[in-house]
Amino acid sequence: MEVEAYLGPDDRAAHSFRGLTPRTATMYGPPGHAYVYLIYGIWNCVNVVTRPAGEPQAILLRALEPGLGVDRCNGPGLLCRSLEIDRSSNGIPLTPPDLYLIDDGFRPAVITASPRIGVDYAGDWKDRPWRFATDSAHVSKPVLAVSRRSGG
DNA sequence: AATACGATTGTCT
DNA sequence: GACAATCGTATTC
């Protein structure tokens with residue numbers, strides 16, 4: 001229902017902004033793998049690496065539609081708690097044949113693009129509209145300033 | 001070796 | 001709106 005794009009190393013909001021470190025190594029790895037990190041000493045967050053090795057970009061998963069054993073999880077920390085994802089899953093492949101992907105037919109009619117959450121420290125990059133959300137109630141926070149894209 | 005802080009959430013005012 | 005919880009990283013000394 002909601003994701004955010006992190007386009008480091010130019011993106012000041014991205015962990016990879018400051019280059020390759022032990023933590024961000026997964027972001028520099030091949031696409032289709034999970035980048036899981038610990039935030040505030042409490043919460044895990046999961047991303048999908050999106051670009052070929054060497055291009056440290058990823059998509060943060062922020063909200064899912066509840067159901068099929070997934071609890072209500074409005075926000076990246078609660079999402080990982082619901083799916084029991086922690087850093088032990090960092091770097092695992094999210095593509096077949098390691099993972100079965102099921103197309104449930106869901107196609108959002110509307111996708112909004114708005115500023116990312118919790119990146120006020122990112123200077124000029126904080127207002128980039130790289131938070132993408134459906135109009136579902138199951139988003140981490142209300143979508144305020146909105147540009148719209150047509151869905152698929 | 002020491003320090004500052006975070007891609008969050010819940011609670012209290 | 002303010003703030004605590006809690007610890008791995010990255011940065012600084």
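Protein chains get the first letters and strands the later ones, always in sequence-line order, with residue 1 at the start of each. Hydrogens, waters and symmetry mates play no part in the numbers below; they use all other heavy atoms, side chains included.
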Visitor: If I take atom OH in residue Tyr40(A) and atom P in nucleotide dC7(C), what distance separates them, rounded to the nearest angstrom?
Guide: 16 Å
Visitor: What is the pairing partner of dC7(C), taking Watson-Crick or G-U wobble pairs with both distances under 3.5 Å in any strand?
Guide: dG6(B)
Visitor: With a 6.0 Å cut-off on the ring centroids, do His15(A) and Tyr37(A) count as close?
Guide: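 Judged by ring-centre distance (under 6.0 Å), His15(A) and Tyr37(A) do meet the cut-off.
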Visitor: If you measure from the P atom in dC3(C) to the same atom in dC5(B), how many Å do you get, rounded?
Guide: 15 Å
Visitor: How many Å lie between CZ on Arg81(A) and C1' on dG10(B), as a whole number?
Guide: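 Roughly 10 Å, once rounded to whole Å.
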Visitor: With the threshold set at 4.0 Å, does a side-chain nitrogen-carboxylate oxygen contact exist between Asp11(A) and Lys126(A)?
Guide: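 Lys126(A) and Asp11(A): not salt-bridged.
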Visitor: Does a donor on one side chain sit under 3.5 Å from an acceptor on the other, for Thr26(A) and Asn90(A)?
Guide: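 Note: Thr26(A) and Asn90(A) side chains meet the donor-acceptor criterion.
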Visitor: Is it true that Gln57(A) and Thr50(A) share a donor-acceptor pair across their side chains at a distance under 3.5 Å?
Guide: no
Visitor: If the threshold is 4.0 Å, N to carboxylate O, is there a salt bridge linking Asp103(A) and Arg107(A)?
Guide: yes
Visitor: Rounded off to whole Å, could you give me the CG-to-P distance for the Leu38(A) and dA5(C) pair?
Guide: 17 Å
Visitor: Less than 6.0 angstrom from the centroid, inside 45 degrees of the normal: does Arg62(A) satisfy that with respect to the ring of Phe132(A)?
Guide: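 So Arg62(A) doesn't make the cation-pi contact.
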Visitor: Rounded off to whole Å, could you give me the CG-to-P distance for the Leu61(A) and dT8(B) pair?
Guide: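 Between P of dT8(B) and CG of Leu61(A): 13 Å.
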Visitor: Can you identify which nucleotide, out of dG10(B), dT9(C), dC7(C), has its nearest atom closest to the Leu78(A) side chain?
Guide: dG10(B)
Visitor: Report the distance from atom NZ of Lys141(A) to atom C1' of dT8(B), rounded to the nearest whole Å.
Guide: 7 Å
Visitor: Heavy-atom contacts under 4.0 Å between residues 2-23 of chain A and DNA chain B, which residues?
Guide: Tyr6(A), Ala13(A), His15(A)
Visitor: Need to verify one output field. Residue with the more 5' nearest nucleotide on DNA chain C, Arg87(A) or Ile39(A)?
Guide: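 Of the two residues, Ile39(A) wins.
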Visitor: Using atom types as modelled and distance alone, determine if a side-chain donor or acceptor of Asp104(A) lies under 3.5 Å from a backbone N or O of Phe106(A).
Guide: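 At least one qualifying donor-acceptor pair exists.
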Visitor: From OH of Tyr121(A) over to C1' of dT11(C), roughly how many Å is that when rounded to an integer?
Guide: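 Nearest whole value for this atom pair: 16 Å.
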Visitor: Let me know the distance between CG of Asp120(A) and P of dA2(C), rounded to the nearest Å.
Guide: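 Going from CG in Asp120(A) over to P in dA2(C) covers 13 Å.
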Visitor: Between atom CH2 in Trp43(A) and atom P in dT8(B), what is the gap in whole Å?
Guide: 11 Å
